[in-house]
Amino acid sequence: MFGAERLPIAAERHTVRTADGWDLALTHYQPAKPIAGRRPVLLLHGIVTNSRNLDLDQKHSLLRWLAARGVDAWALSVRGKGDSARPAFLGGDKHWDWTFDTYAEIDVPAALAYVRGKTGAARVDCVGHSLGGLMLYAVLARGGESAASLGALVTLGSPVGFRSGPRFTAWSARAAAIGKHLPYVPINTGTLALLPLMDWYPELLAPIFYNPANVSGGLWSSFLAVGVDDEPGTLIAQAERWIDSDRFTSADGKLDYEALLSTSRAPTLVIAGKVDQLGFPPLVRRGYDALGGKKKWWLVAEENGASADYGHMDLLLGEHAPEDVFLHLERWLRENATLP
């Protein structure tokens with residue numbers, strides 16, 4: 001009951017060594033029929049998750065869906081997630097001491113360089129879900145070689161603002177205030193312990209994480225069994241400051257990522273789910289408004305032709321996500337594939 005399909009033989013496993021000595025896991029699918037001129041695509045997962053939310057099973061996998069349509073598709077698990085290196089329970093030379101900036105400054109650039117080296121591409125298209133989209137925004141804001149290596153971008157449910165109503169914001173702030181004092185927040189262990197409860201009573205949490213009209217309780221249990229991971233207290237402390245200040249900034253406060261997005265020139269499609277409680281649409285829209293350069297906004301809702309109004313994880317795992325979401329993002333990447 002509480003498990004997911006193993007990855008198929010076609011899923012290549014690659015290891016990327018970062019500048020500070022961490023081994024990161026990349027999953028790669030060769031395109032079924034490569035399309036000449038198309039850039040490779042790197043997919044980035046969100047907070048407390050790993051790359052399995054991008055590649056859960058045959059039917060629910062943006063990664064395989066893109067490969068089946070001729071795209072050289074890659075998915076990264078950042079440090080501490082999935083099959084990437086993580087600190088030992090006791091001892092070891094790696095510690096739970098990184099922040100969000102570590103992903104933007106080290107992990108994502110390492111993956112971009114690796115994909116470019118393996119494919120020979122000058123640029124890499126990217127799709128980021130939730131915090132993965134914020135990673136892309138931060139790479140853009142920081143500028144430099146990594147930002148220059150980005151092609152066309154898509155963000156999914158990525159809020160550049162952290163107050164989505166008084167109750168939710170207060171609850172999130174209290175949770176972060178506790179979590180920041182821990183070496184790491186044991187989300188994986190806690191989730192596995194609560195799986196039976198979540199399976200029997202999905203309505204308790206479903207409205208926060210997904211719209212039950214799009215994601216079944218059984219599929220959600222499969223995802224939770226393999227797709228969630230722990231977070232360091234240092235990153236949770238940074239998230240608390242984001243909530244408290246309602247500003248998307250670096251851990252030291254010196255970089256205002258939202259303000260710096262005006263310098264971006266990467267063509268970016270910003271997607272939001274109408275009933276998303278984590279990527280609240282007005283806050284996702286803040287990212288769109290902050291971006292410079294070519295951009296497009298897409299709200300996944302019945303009023304715009306989708307089969308249902310979308311929540312947060314539906315954007316990847318919804319039963320009709322291929323038609324309601326994936327087609328739109330693939331079209332954006334294809335339309336902007338002529339960049340040098």
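Throughout, residue positions are numbered sequentially from 1 according to the sequence presented.
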Inset, instruction - Could you tell me whether Arg285 sits above the aromatic face of Trp297, with NZ or CZ closer than 6.0 angstrom to the six-membered ring centre and within 45 degrees of the axis? - result: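 Yes - Arg285 lies over the ring of Trp297, closer than 6.0 Å to its centre and within 45° of its axis.
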Inset, instruction - Report yes or no: is the cationic atom of Arg334 (NZ for Lys, CZ for Arg) closer than 6.0 Å to the six-membered ring centre of Trp332, at no more than 45° off its axis? - result: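 No, a cation-pi geometry is absent between Arg334 and Trp332.
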Legend entry - Glu231 and Lys81 ion-paired at < 4.0 Å: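 Yes.
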Inset, instruction - For the pair Glu240 and Arg174, find out whether any cationic side-chain nitrogen is under 4.0 Å from an anionic carboxylate oxygen. - result: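 Salt bridge: no.
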Inset, instruction - Under the side-chain contact (heavy atoms from CB on, under 4.5 Å) rule, what do His320 and Val325 come out as? Steps first, then yes or no, please. - result: CA-CA 8 Å; His320 297 285; Val325 183; over 6 Å; no
Pairwise distance [atom1]([X]) to [atom2]([Y]) - rounded to 0.5 angstrom:
X: Leu224; Y: Asn53; atom1: CG; atom2: CG; answer: 11.0 Å
X: Tyr288; Y: Leu261; atom1: OH; atom2: CG; answer: 13.5 Å
X: His60; Y: Leu54; atom1: NE2; atom2: CG; answer: 14.0 Å
X: Leu333; Y: Arg69; atom1: CG; atom2: CZ; answer: 13.0 Å
X: Asp101; Y: Lys254; atom1: CG; atom2: NZ; answer: 11.5 Å
X: Leu269; Y: Arg331; atom1: CG; atom2: CZ; answer: 10.0 Å

Is it true that [Y] and [X] share a donor-acceptor pair across their side chains at a distance under 3.5 Å?
X: Asp324; Y: Ser307; value: yes
X: Lys274; Y: Asn304; value: no
X: Asn50; Y: Asp229; value: yes

Legend entry - side-chain contact (heavy atoms from CB on, under 4.5 Å) evaluation trace for Val154 with Thr268: CA-CA 6 Å; Val154 180; Thr268 305; over 6 Å; no
Is any side-chain heavy atom of [Y] closer than 4.5 Å to one of [X]?
X: Lys59; Y: Glu319; answer: yes
X: Asp72; Y: Arg38; answer: no
X: Val124; Y: Trp74; answer: no
X: Ser250; Y: Tyr257; answer: yes
X: Arg79; Y: Arg86; answer: no
X: Leu260; Y: Leu255; answer: yes
X: Thr102; Y: Val78; answer: no
X: Leu26; Y: Thr15; answer: no

Inset, instruction - Determine the interplanar angle of the Tyr103 and Phe100 rings, folded into 0 to 90°, and report it as parallel if under 30°, tilted if 30 to 60°, perpendicular if over 60°. - result: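 Perpendicular: the ring planes of Tyr103 and Phe100 meet at over 60°.
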Inset, instruction - Give me the ring orientation class for Tyr114 and His14: parallel if the planes are under 30° apart, tilted from 30 to 60°, perpendicular past 60°. - result: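 It falls in the perpendicular class, over 60°.
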Keeping the roles fixed (side chain from [X], backbone from [Y]), state whether a donor-acceptor pair exists under 3.5 Å.
X: Ser216; Y: Leu219; result: yes
X: Arg286; Y: Val160; result: yes
X: Ser61; Y: Gln58; result: no

Inset, instruction - Could you list who else is in Leu283's hydrophobic cluster, with ILVMFWY side chains joined at under 4.5 Å, directly or through other members? - result: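 Once heavy-atom contacts under 4.5 Å are chained together, Leu283 belongs with Phe280.
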Atom pairs and distances, donor-acceptor, side-chain atoms in residues 126-137, under 3.5 Å, two or more places apart:
{"from": "His129", "atom 1": "NE2", "to": "His312", "atom 2": "O", "distance (Å)": "3.1"}
{"from": "Ser130", "atom 1": "OG", "to": "His312", "atom 2": "NE2", "distance (Å)": "3.0"}
{"from": "Tyr137", "atom 1": "OH", "to": "Thr155", "atom 2": "OG1", "distance (Å)": "3.1"}

Inset, instruction - Could I get the full list of ring-ring contact (aromatic ring centres under 6.0 Å, His included) partners for Trp298, not counting sequence neighbours? - result: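 Partners of Trp298 under the ring-ring contact (aromatic ring centres under 6.0 Å, His included) test: His328.
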Legend entry - Identified side chain to side chain contact (heavy atoms under 4.5 Å, CB included) partner of Asp55 from the options Leu62, Leu63, Leu316: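 Of Leu62, Leu63, Leu316, side chain to side chain contact (heavy atoms under 4.5 Å, CB included) with Asp55 is met by Leu63 alone.
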Legend entry - Heavy-atom neighbours of Gln30 CD exceed 12 at 6.0 Å: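 Yes, the 6.0 Å shell around CD holds more than 12 heavy atoms from other groups.
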Inset, instruction - Answer yes or no: are there more than 12 heavy-atom neighbours, outside Arg13 itself, under 6.0 Å from its atom CZ? - result: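 Correct, the count exceeds 12.
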Inset, instruction - Decide yes or no on side-chain contact (heavy atoms from CB on, under 4.5 Å) for Ile35 and Val71, but give the supporting numbers first. - result: CA-CA 7 Å; Ile35 300 175; Val71 178; 5.7 Å; no
Inset, instruction - Might you work through the side-chain contact (heavy atoms from CB on, under 4.5 Å) test for Phe223 and Val228, ending with a clear yes or no? - result: CA-CA 8 Å; Phe223 163 68; Val228 298; 4.2 Å; yes
Inset, instruction - Taking all non-hydrogen atoms of both residues into account, name the closest pair between Ser146 and Ser149 and its distance. - result: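 Ser146 and Ser149 have their closest heavy atoms at O-OG, 2.7 Å.
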